[in-house]
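The analysis underlying the following values was restricted to heavy atoms, covering all of them including side chains, and did not include hydrogens, waters or symmetry mates. Remember, predicted model here, so these are calculated numbers, not experimental data. If you read the sequence from its start, that first residue is 1, and numbering goes on from there.
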Amino acid sequence: MVNNNSVGATPNTDGAQFRTVKARINGEVQDIILARHKYSMEGLKASQQKQLELIDKSKMLDVIFHLAKAEVFYEAGIELRDLDNNEIPTGTQNVFVPVETADTFYRFTIDDVLENVEVHTFANVQEFAEVTGTTTLFSRGLTSKEKIGVAALATNDEVCKATFDLALEGNMPASTAQLYLDVQVKGVTTSMMTTGYKPKDLTGLGRTYEEAKELFERVSTVFGVNEAKKRYTIRAINYMVKAEGISLEQIHNALETIPANDVAKAKLMKCGEKETCIVTTLILWIRGQESKRMFVPAA
């Protein structure tokens, strides 16, 4: 965990100092030591830490913080460490182990004061684990599509709105919808946009919604709806447009005229990457058609 809230230090009997956080327990704000163990969840990544600097904490709803008494861990021979990775010896006062749930894990070290705290006395670490597992069993975060939708509502951004609408209408992942729209918004950026933050350097759509939808429908007709929802074909098309200089009109013509046998071969060819197979098949067809037009005898 990375600690961002109001912290202090609690001395041990031998003078050692341990990182503390403030928690309201039994109506009184106390300095407590949050203890981690080898089974704890992983802490914040650098990108997530950067997000914390931009969020408005007043927009976070209240949660219940669940804490376990540390004794059962010592009894099980499990080493506990504070937020600075210092070992906490048996007998240290005010040591609690967080019951890590989806809505509280990061907030143990984000909130200035842990309000709504419940302290639990578990019979053993097995019961602690069972409670943790059962509580988090049906926890879930936003899917990539849902996250884009929240970002669209929070920022009114055209890229997010178009991505969500296309993903919803085509029943495809948001990442695939972005490829059809020829735009890329990083996951960390989308996460920040759900809070209402809109980056100044956010790029616009590479294709209009109508162009992207038409392209999806053409790919669905040729390769099948399930394949069109995946990223292989649209990645191949984007490569052809950007790296090979093939126009979208040429792509449309190829999709309209390419024989079914060639499409089947593109799906089945074992040429390494599936995208490479599709690129090779479409380019060969386009070049072949162009050669035929060049050598058509004059009437």
* To do: Mark yes or no for whether D84, through its side chain, and N86, through its backbone, hold a donor-acceptor pair below 3.5 Å.
  => no
* Asked: Has the side chain of T190 got a donor or acceptor atom that lies under 3.5 Å from a matching backbone atom of K186?
  -> yes
* Structure fact -> Closest non-hydrogen contact found for T136 with T132 is OG1-O, 2.8 Å
* Do the ring centers of F128 and F73 come within less than 6.0 Å of each other? -> yes
* Using a strict 4.0 Å threshold on nitrogen-to-oxygen distance, state whether E79 and K38 make a salt bridge. => no
* Within 6.0 angstrom of K198 NZ, more than 12 heavy atoms from elsewhere -> yes
* Establish whether L153 and M192 are linked, either directly or via other cluster members, by ILVMFWY side-chain heavy-atom contacts under 4.5 Å. => no
* **Minimum side-chain heavy-atom gap P89-T92 below 4.5 Å** => yes
* To do: Group every Ile, Leu, Val, Met, Phe, Trp and Tyr by side-chain heavy-atom contacts under 4.5 Å, then state whether I234 and V225 land in the same group.
  => no
* To do: First locate atom CD1 of I258, then atom CG of N253, and finally report the distance between them rounded to the nearest 0.5 Å.
  => 12.0 Å
* Asked: Taking all atoms of both residues into account, what is the closest heavy-atom pair of P199 and M193, and its distance?
  -> CD-CG, 3.8 Å
* To do: State plainly whether the residues E227 and K230 are in salt-bridge range, i.e. N to O under 4.0 Å.
  => yes
* Structure fact -> Quick note, salt bridge (charged side-chain N to carboxylate O under 4.0 Å, His left out) partners involving residues 114-135, not counting sequence neighbours, are R24-E115
* Start with the C-alpha distance between R19 and D82, add both sets of side-chain angles, then the distance that settles salt bridge (charged side-chain N to carboxylate O under 4.0 Å, His left out), and finish with yes or no. => CA-CA 6 Å; R19 177 95 66 98; D82 75 350; over 6 Å; no
* Test log, rule side-chain contact (heavy atoms from CB on, under 4.5 Å), inputs E211 and L205 -> CA-CA 11 Å; E211 290 172 337; L205 295 170; over 6 Å; no
* Check: E100 side chain, M41 main-chain N or O, donor-acceptor pair, under 3.5 Å -> yes
* Any donor-acceptor N/O pair, R36 side chain to N85 backbone, under 3.5 Å -> no
* Asked: Are the side chain of T109 and the backbone N or O of Y106 linked by a donor-acceptor pair below 3.5 Å?
  -> yes
* Asked: When the ring planes of H120 and F122 are compared, do they come out parallel, tilted or perpendicular, using 30° and 60° as the limits?
  -> parallel
* Decide yes or no on side-chain contact (heavy atoms from CB on, under 4.5 Å) for V95 and F18, but give the supporting numbers first. => CA-CA 10 Å; V95 180; F18 298 107; over 6 Å; no
* **Between T176 and K229: side-chain donor-acceptor atoms closer than 3.5 Å** => no
* Asked: Between the side chain of T143 and the main-chain N/O of E146, is any donor-acceptor distance below 3.5 Å?
  -> yes
* Non-hydrogen atoms of A70 and V97 that approach each other most closely -> CA-CG2, 4.4 Å
* To do: Using side chain to side chain donor-acceptor pair (under 3.5 Å) as the criterion, point out the one residue from E214, E169, E158, K161 that pairs with Y209.
  => E169
* Heavy atoms, side chains only, cut-off 4.5 Å: are S247 and H252 in contact? -> no
* Asked: Do the charged groups of K22 and D31 touch, with an N to O distance under 4.0 Å?
  -> yes
* To do: Would you sort out whether M240 and I283 count as a side-chain contact (heavy atoms from CB on, under 4.5 Å), showing the intermediate values?
  => CA-CA 8 Å; M240 291 166 62; I283 287 181; 3.9 Å; yes
* Which heavy atom in V183 sits nearest to a heavy atom in G204, and how many Å separate them? -> CG2-O, 3.5 Å
* Consider only side-chain heavy atoms of I, L, V, M, F, W and Y, link residues closer than 4.5 Å, and tell whether F105 and I110 are in one cluster. => yes
* Answer yes if F65 and V119 sit in the same cluster of Ile, Leu, Val, Met, Phe, Trp and Tyr residues linked by side chain heavy atoms under 4.5 Å apart, and no otherwise. => yes
* **N238 and R231: side chain donor to acceptor below 3.5 Å** => no
* To do: Decide if atom CG of N26 counts as having more than 12 heavy atoms of other residues, nucleotides or ligands within a radius under 6.0 Å.
  => no
* To do: Grab the two heavy atoms, one from C160 and one from A151, that are nearest each other, plus how far apart they are.
  => SG-CB, 3.9 Å
* To do: State, yes or no, whether a side-chain contact exists between I246 and L282 at a heavy-atom distance under 4.5 Å.
  => no
* Hphob cluster co-occupancy, Y39 + V72, side-chain heavy atoms under 4.5 angstrom -> yes
* Asked: Below 4.5 Å, heavy atoms only, C-beta onward: do V159 and Q178 meet side chain to side chain?
  -> no
* Derivation of the side-chain contact (heavy atoms from CB on, under 4.5 Å) call for V63 and F108 -> CA-CA 10 Å; V63 295; F108 275 112; over 6 Å; no
* **I88 side chain near Y74 side chain, heavy-atom distance below 4.5 Å** => yes
* To do: Tell me yes or no: between the side chains of T104 and T101, is some donor less than 3.5 Å from an acceptor?
  => yes
* Atom CG in L67, atom CD1 in I32: separation rounded to 0.5 Å? -> 5.0 Å
* Asked: When rounded to the nearest 0.5 angstrom, what is the spacing between CG in L166 and NZ in K213?
  -> 9.0 Å
* **Nearest atoms (heavy-atom pairs only) where E275 meets A236** => O-CB, 3.7 Å
* **Check: Q93 side chain, G91 main-chain N or O, donor-acceptor pair, under 3.5 Å** => yes
* Does the side chain of V117 reach to within under 4.5 Å of the side chain of F96, using non-hydrogen atoms? -> no
* Starting at CD of E71, measure out to OG1 of T90 and round the result to the nearest 0.5 Å. => 9.0 Å
* Min side-chain heavy-atom separation L215-L248 under 4.5 Å -> yes
* Inter-residue atom distance D165.CG - I148.CD1, 0.5 Å rounding -> 11.0 Å
* Quick one: are Y180 and I237 in side-chain contact, heavy atoms under 4.5 Å? -> no
* Only one of I278, T233, I251 passes side-chain contact (heavy atoms from CB on, under 4.5 Å) with V219; say which it is. => T233
* Value rounded to 0.5 Å, distance of OG1 in T276 from OH in Y232 -> 12.0 Å
